[in-house]
Structure formats: structure tokens, C-alpha cells
Amino acid sequence: MKTKYVIAGLTLLAALLGVVDGRCSDSDLKRKIDSLFVIASSGELRYQKLTEPAMDSIAALGTEAVPILIDKFTTKSARERWTIIWTLKRIGARAVPLLIDALRRTDGLVVERVCYSLGDIGDSGAVTALIGVMEHSRWQVRDEAATALGKIGDPRGREIVAQALSDSIGLVRKSAVVATGKLRMQAAASELVHAMGDEFYGARLAAVDALMQLDTLEVVKAVRDSIMSANDFVGDLGCMLLGRLGTEEAVELLLTQIKSPDADRRAHAALALIKADPEDHCGYRRKLIEGEIDRFNRLKMQSALQSLTDARK
């Protein structure tokens with residue numbers, strides 16, 4: 001029965017493939033694409049081996065298929081949405097001019113998804129247009145545009161991405177933080193350190209990862225300037241970052257935080273030191289544990305050490 005479905009599907013697909021060899025009139029184009037799209041986006045088992053060939057067949061049409069695919073971006077189906085994105089990526093740079101035109105549409109949902117596709121394709125020709133929608137009233141558009149600019153990695157996007165670090169929406173700030181790291185925006189190191197204190201946890205954690213992609217010495221300097229911030233997140237996540245960097249300068253700064261009167265800060269610094277020097281080459285580990293007056297902090301340190309031991313085993 002399964003073989004029967006596959007053969008039937010291949011027969012249908014072969015009939016539809018006439019669209020790519022000149023046997024399809026303009027009036028039939030949309031119908032043919034719609035038929036191929038049903039197969040390409042199908043979750044049915046009988047079409048499992050046909051989804052990729054169907055997407056390839058649509059992509060083979062090139063720019064003729066792009067407007068029809070863009071019109072389908074209003075779909076509520078995640079499977080259909082991803083099928084459109086994957087097919088547009090197959091078309092590649094040829095689709096970019098038409099996608100850029102679609103950024104002018106009034107339907108914000110379509111614009112948002114077009115931004116994603118432009119980032120997925122990664123063509124620098126879309127940078128100027130993406131910058132143009134970074135002030136869109138729909139925050140999801142700003143979110144996807146910032147993400148796309150980060151993926152493309154063109155320096156022209158740096159200024160507008162830096163502005164988005166202070167967007168009123170947390171998810172947009174997070175995307176701007178991620179893009180800042182991908183764009184290697186060294187001048188924004190201080191802003192990223194500040195972002196470690198963002199009220200949205202996603203932006204805070206993304207800032208740590210983004211700073212890891214910048215010059216280490218400059219990052220440590222930026223953390224040193226802000227580690228005593230009144231915002232505890234900045235100092236605590238700063239310790240985490242220093243532990244991941246693990247450089248001599250980072251360890252030196254962490255040792256200053258071990259003496260903090262704040263027990264939580266001491267705990268973050270101690271765990272970061274264990275991360276930075278897992279073999280205890282500096283020989284400070286025993287002193288850290290014995291000198292810690294907070295019982296819960298000692299337990300945290302011992303747990304971290306046990307985790308290291310278990311990982312080696």
C-alpha cells in the first residue's frame with residue numbers, strides 16, 4: 001500500500017513538472033505552483049519522499065514563483081510557512097529584489113516573514129531595505145529585521161542595530177544584542193555590558209554570548225568599568241562572562257569579586273573561577289572554599305567541583 005502511494009505521488013509530481021520545461025502556459029502557472037506546494041508542504045507519509053523534489057521544482061521556476069510564494073506568507077500553518085522559506089532560499093539571490101518590494105506591503109505579518117527570508121538568503125543587497133523597516137510600527141518586523149541584519153553581517157547595518165538595543169520591546173532588544181555580536185560591533189561593548197542588566201532575561205543572556213564574540217581585552221575592560229553597577233545582573237553575569245573568557249585579566253578581576261560583602265556576588269565569582277581554571281593551576285580553590293563564610297555558597301562550590309569530576313569520568 002505504501003509503495004502504491006509513492007508511485008501515485010511520483011506520477012502526480014511528474015505531471016506537474018511540466019511547469020519547468022516550457023509546457024505550462026502563464027494561465028496555469030499559479031495552479032501548477034499551488035499543486036506542487038500542496039505536496040511540498042504536506043505532512044502526509046505518502047508524500048514524504050516528494051516534499052524536497054516538489055520544493056526544487058517550484059524553485060526551478062525562479063522569480064516567477066516568488067510573488068505567489070510571498071502571497072502564501074499569510075498562512076497560519078507553520079509547515080507551510082517553513083516550506084515557503086526553504087523554497088525561497090533555494091531560489092536565492094534572484095528572489096531578493098521581489099522580496100524587497102514586498103517589504104512595502106501593508107500586511108505586517110507578510111513583511112515580518114519576508115524579513116526572515118531575506119536574512120535566511122543572506123544577500124547583502126537587502127541591507128538597505130532591511131534598515132528601512134527597522135522603525136516599523138509592528139515590533140515583530142523590527143525583531144526579524146534586526147535578526148536578518150545580523151545574519152547578513154554587512155557593516156552598514158551596525159548603526160541601526162545599535163539603536164535597536166534600546167527598543168521598547170524586550171524581544172527586539174534581544175535580537176539586536178545577538179546581531180551586535182554577529183556584526184562584531186566592538187564599539188558597542190559597553191552597551192552590551194549594560195544589556196546584561198536588561199529587564200528581559202533573553203536580552204541579558206544573549207549579551208553574554210555576544211560579548212564572547214568581541215575582543216577579549218576590550219570586553220574585560222568594559223566589564224571592569226561596570227562590575228560594581230547597582231544593577232546586580234550586570235555584575236553577576238559579568239562574573240559568568242569572565243569565567244567563560246578565562247584569561248589572566250578575567251581571573252584577576254574575578255578575584256576582586258571574591259572579597260565582595262555580597263554573598264551572591266561571591267558565589268558567582270567563585271563558580272566563574274572554577275570555570276576559568278578547572279584544573280586549579282592557580283591553586284586558589286581550597287582557600288576559596290575554606291574562606292567562604294556562607295554555607296550555601298560552599299555547597300555551590302562543592303557542587304561545581306563535583307560536576308567537573310563527573311565530567312572527567
Side-chain angles (χ1 to χ4, degrees), residues 37 40-41 51-52 54-73 75 78-105 108-136 138-165 167 171-188 192 202 206-207 209-214:
F37 187 78
S41 60
T51 55
E52 294 287 332
M55 277 190 277
D56 290 337
S57 298
I58 298 173
L61 288 163
T63 56
E64 288 186 296
V66 175
I68 297 172
L69 290 173
I70 293 173
D71 287 341
K72 294 181 182 296
F73 259 144
T75 181
R79 186 182 294 275
E80 290 183 356
R81 172 166 51 88
W82 282 111
T83 299
I84 298 165
I85 290 169
W86 293 332
T87 305
L88 287 169
K89 188 170 184 178
R90 282 167 162 80
I91 297 172
R94 294 173 296 163
V96 170
L98 290 169
L99 287 169
I100 289 174
D101 288 342
L103 292 177
R104 302 188 184 96
R105 296 197 180 193
L109 179 63
V110 172
V111 176
E112 165 195 339
R113 293 173 174 180
V114 166
C115 287
Y116 187 99
S117 282
L118 288 170
D120 203 37
I121 293 170
D123 190 281
S124 60
V127 170
T128 301
L130 287 167
I131 291 172
V133 297
M134 278 296 291
E135 296 183 359
H136 199 282
R138 182 180 172 89
W139 69 262
Q140 292 92 337
V141 172
R142 304 196 301 274
D143 181 35
E144 293 296 356
T147 299
L149 288 169
K151 287 181 178 179
I152 294 171
D154 191 295
R156 289 175 293 168
R158 288 176 174 173
E159 183 178 351
I160 195 69
V161 165
Q163 294 175 23
L165 291 172
D167 195 277
L171 284 169
V172 179
R173 296 196 300 274
K174 176 192 173 184
S175 294
V177 165
V178 174
T180 299
K182 290 184 176 181
L183 287 164
R184 301 294 193 274
M185 293 168 58
Q186 191 61 52
L192 287 176
D209 292 331
L211 284 161
M212 288 292 295
Q213 300 178 64
L214 305 184

Might you confirm whether atom CD of Glu135 has over 12 heavy atoms from other residues, nucleotides or ligands at distances under 6.0 Å?
->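 No, CD of Glu135 has 12 or fewer neighbouring heavy atoms, counting only those of other groups under 6.0 Å.
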Is atom CD of Glu159 surrounded by more than 12 heavy atoms (other residues, nucleotides or ligands) closer than 6.0 Å?
-> no
Verify, without hydrogens or angle tests, whether [X] (side chain) and [Y] (backbone) share a donor-acceptor contact under 3.5 angstrom.
{"X": "Arg94", "Y": "Ile91", "answer": "yes"}
{"X": "Arg90", "Y": "Ala59", "answer": "no"}
{"X": "Arg173", "Y": "Asp167", "answer": "yes"}

Taking distance alone, no hydrogens or angles, what donor-acceptor pairs closer than 3.5 Å link side-chain atoms of residues 122-132 to residues at least two apart or in another chain?
| residue | atom | partner | partner atom | Å |
| --- | --- | --- | --- | --- |
| Asp123 | OD1 | Gly125 | N | 2.7 |

Start with the C-alpha gap between Ile70 and Arg105, add the side-chain angles, then the distance that decides, and say whether side chain to side chain contact (heavy atoms under 4.5 Å, CB included) holds.
-> CA-CA 11 Å; Ile70 293 173; Arg105 296 197 180 193; 3.5 Å; yes
To the nearest 0.5 angstrom, please state how far the [atom1] atom of [X] sits from the [atom2] atom of [Y].
{"X": "Ile85", "Y": "Glu80", "atom1": "CD1", "atom2": "CD", "answer": "12.0 Å"}
{"X": "Met55", "Y": "Trp82", "atom1": "CE", "atom2": "CH2", "answer": "12.0 Å"}
{"X": "Thr87", "Y": "Lys72", "atom1": "OG1", "atom2": "NZ", "answer": "10.5 Å"}
{"X": "Ile160", "Y": "Leu165", "atom1": "CD1", "atom2": "CG", "answer": "11.0 Å"}
{"X": "Ile152", "Y": "Asp120", "atom1": "CD1", "atom2": "CG", "answer": "10.5 Å"}
{"X": "Leu211", "Y": "Gln186", "atom1": "CG", "atom2": "CD", "answer": "9.0 Å"}

Arg158: partners by salt bridge (charged side-chain N to carboxylate O under 4.0 Å, His left out), with sequence neighbours left out |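 Arg158: no salt bridge (charged side-chain N to carboxylate O under 4.0 Å, His left out) contacts found.
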Please list, chain by chain and in numerical order, all residues satisfying salt bridge (charged side-chain N to carboxylate O under 4.0 Å, His left out) with Lys151, sequence neighbours excluded.
->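 Testing Lys151 for salt bridge (charged side-chain N to carboxylate O under 4.0 Å, His left out), a comparison that skips the adjacent residues, returns none.
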Where [X] and [Y] come nearest, the two heavy atoms and their spacing:
{"X": "Pro67", "Y": "Leu98", "result": "CD-CD1, 4.1 Å"}
{"X": "Lys174", "Y": "Ala206", "result": "CG-CB, 4.0 Å"}
{"X": "Ala162", "Y": "Met185", "result": "CB-CE, 3.7 Å"}
{"X": "Arg138", "Y": "Glu112", "result": "NH2-OE1, 2.9 Å"}
{"X": "Ala102", "Y": "Val111", "result": "O-CG2, 3.9 Å"}
{"X": "Ala95", "Y": "Ile121", "result": "CB-CD1, 4.5 Å"}

Do Ile84 and Lys89 have side chains that get closer than 4.5 Å, going by heavy atoms?
->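 No, too far: nothing below the 4.5 Å cut-off.
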Validation: residues 143-150 side-chain donor-acceptor distances under 3.5 Å, sequence neighbours left out:
| residue | atom | partner | partner atom | Å |
| --- | --- | --- | --- | --- |
| Asp143 | OD1 | Ser175 | OG | 2.2 |
| Thr147 | OG1 | Asp143 | O | 3.0 |
| Thr147 | OG1 | Ser175 | OG | 3.3 |

Which residue pairs satisfy the ring-ring contact (aromatic ring centres under 6.0 Å, His included) criterion with at least one member in residues 139-160, sequence neighbours excluded?
-> none
Does Phe37 have any ring-ring contact (aromatic ring centres under 6.0 Å, His included) partners at least two apart in sequence or in another chain, and if so, which?
-> none
Would you check, one step at a time, whether the test side chain to side chain contact (heavy atoms under 4.5 Å, CB included) holds for Val141 with Cys115?
-> CA-CA 7 Å; Val141 172; Cys115 287; 4.2 Å; yes
Step-by-step side chain to side chain contact (heavy atoms under 4.5 Å, CB included) determination, Val114 to Val110 = CA-CA 6 Å; Val114 166; Val110 172; 4.1 Å; yes
Evaluation steps, side chain to side chain contact (heavy atoms under 4.5 Å, CB included), between Arg113 and Thr75 | CA-CA 11 Å; Arg113 293 173 174 180; Thr75 181; 4.1 Å; yes
